[in-house]
Every structure is written in structure tokens, then in C-alpha cells.
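Scope of the values below: all heavy atoms of this structure, side chains included, with no hydrogens, waters or symmetry mates. Read the numbers this way: they start at 1 and go in the same order the structure lists the ligands and their atoms. What you are looking at is a predicted structure, and each value in this text was computed from that prediction instead of being measured.
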Amino acid sequence: MRFDVITLFPNLCEGYLGDSILKRAIDQKLISINFWQLRDFSDDAKHHKVDDTPYGGGAGMVIRPQPLWNAITEVKKHNQGPVIYLTPQGPVLTQKQAVELSTGPKELILLCGRYEGIDQRIRETLIDREISIGEYVLTGGELPALILIDTISRLIPGVVGDEESVAEDSFSKKLQGKREYPHYTRPAEFNNMKVPDVLLSGNHAEIEKWRTERLS
Ligand code: ADE
């Protein structure tokens, strides 16, 4: 899976991808992630300005259409996937959508917003899909883009070592779309707190029943 991320803050993203499971996935070429600095596409040669005040007045700044147009058009030459704009104005991401995205086109372009958002004409012409990661507002789309990359990537075969554990995730089909049951590990007793007897019984049918009853 190839991700191309258009952002004003590529450095914010690179740290998260430089360690752990996603780093291994990149090293193994299961995923690739390219960053594009939106300022590089600004026609403002002096200050590389990308934002301006909103028509009609009001607080905050809006990202100008020109750098967005140039950036998205250039990135599209390298990535044929849909352009996804991360914005609190979009529908909220679910595990079901993450599964669909992980099995759909093998290329995605992610656009991170900042400030009050982007010029509406770009939303109407170059954006294929909008995604919010929740009903709250962040300072920009970089964390949401990382969250989207993370949740899609771990569904790609080989990225998480244990395929079985992904199949049994919260919200998976196997767990009837519900949240997972409680987990315990050794020791069987910790600070006077015991692991439920059924989990030590070795009776797989009973364990399954106990777990199913605890899905929420
Ligand atoms: N940018 C700012 N807040 C956001 C959110 N909740 N989801 C996606 N992008 C955002």
C-alpha cells in the first residue's frame, strides 16, 4: 500500500513512522509513505504563504486553492488512488471503513488540513472522500492521517505478526462487531486479585462462552 501525504508539517509525522510495527512494515516494503510539503507548491516565491483570510470575514485562516491545486495535481502523477481529506467536517472513521480501505485501491493520497480548513472549491473538485477521526477538533490533520495509516496498515497481511490477533480485534466480524473481552496473563494471582477460574480450566468451550458473554 502506498500513501502520499500532503502536509505543512512532515516532521510531525516522521517520528511516529520511524519505530515499531510501522517502521518494520516500511522496511519490509509492505507499505510506503511519501510526504509532500504543501509550502513547496505555493506561488508566493518569497514567503511560501499557503493561507489567507476568509471571504465574508470571521476568525482564522483558510488554505488557499492555488497551493492545494498544484500539490494534489503533482501528487496524482505518482499516486492514482483517491484523495482523502482529513477534516472534522467528514464522516467519522469506523473499523469497517478501515477494513474496506485496506482491501480497496493500493494507493491513497491523504491531505492534512490546518487552520479553519481548505478552500471549498478544492473540496468540490479534487477531494474524493473526507474522513474525520472523531467528533473533536485537533490543530491539524497530521495525527488523523497517522491514525488512518496505522489502522489501515495493521490490516495488511504481514504487517502485524499474528494474523489471528487482527482477526479477533474489537469490532471484527469474529467478535460480532463488538468490543473485545477482558484479557489476563501470568501470574494467576496478583496483589490478591485472581484470574477467573474458567480461564485456567483448559475447557475451551467454557472459555469461549465466558468470552462471548463479555463482548460489549
Ligand atoms: N483535523 C482537525 N480535527 C480533525 C478530526 N477530528 N478528524 C480529522 N481531521 C481533523
Are the side chain of Glu116 and the backbone of Met61 linked by a donor-acceptor contact shorter than 3.5 Å? no

SB check Asp150 Arg154 (cutoff 4.0 Å): no

Show the nearest heavy-atom pair for residues Ile118 and Val62, with the distance to one decimal. C-CG1, 3.8 Å

If we ignore hydrogens and angles and just use 3.5 Å, is the side chain of Ser42 paired with the main-chain N or O of Arg39 as donor and acceptor? no

Check whether Glu107 reaches the backbone of Gln80 with its side chain - one donor and one acceptor, N or O, closer than 3.5 Å. yes

Would you call Asp4 and Lys77 a salt bridge, taking side-chain N to carboxylate O under 4.0 Å as the test? no

Filter the ligand 1-protein atom pairs down to N or O on both sides and distance under 3.5 Å, then list them.
from     : atom 1 : to     : atom 2 : distance (Å)
ligand 1 : 3 (N)  : Leu138 : N      : 3.0
ligand 1 : 6 (N)  : Gly134 : O      : 3.2
ligand 1 : 6 (N)  : Tyr136 : O      : 2.8
ligand 1 : 7 (N)  : Ile133 : N      : 3.0
ligand 1 : 9 (N)  : Thr87  : N      : 3.2

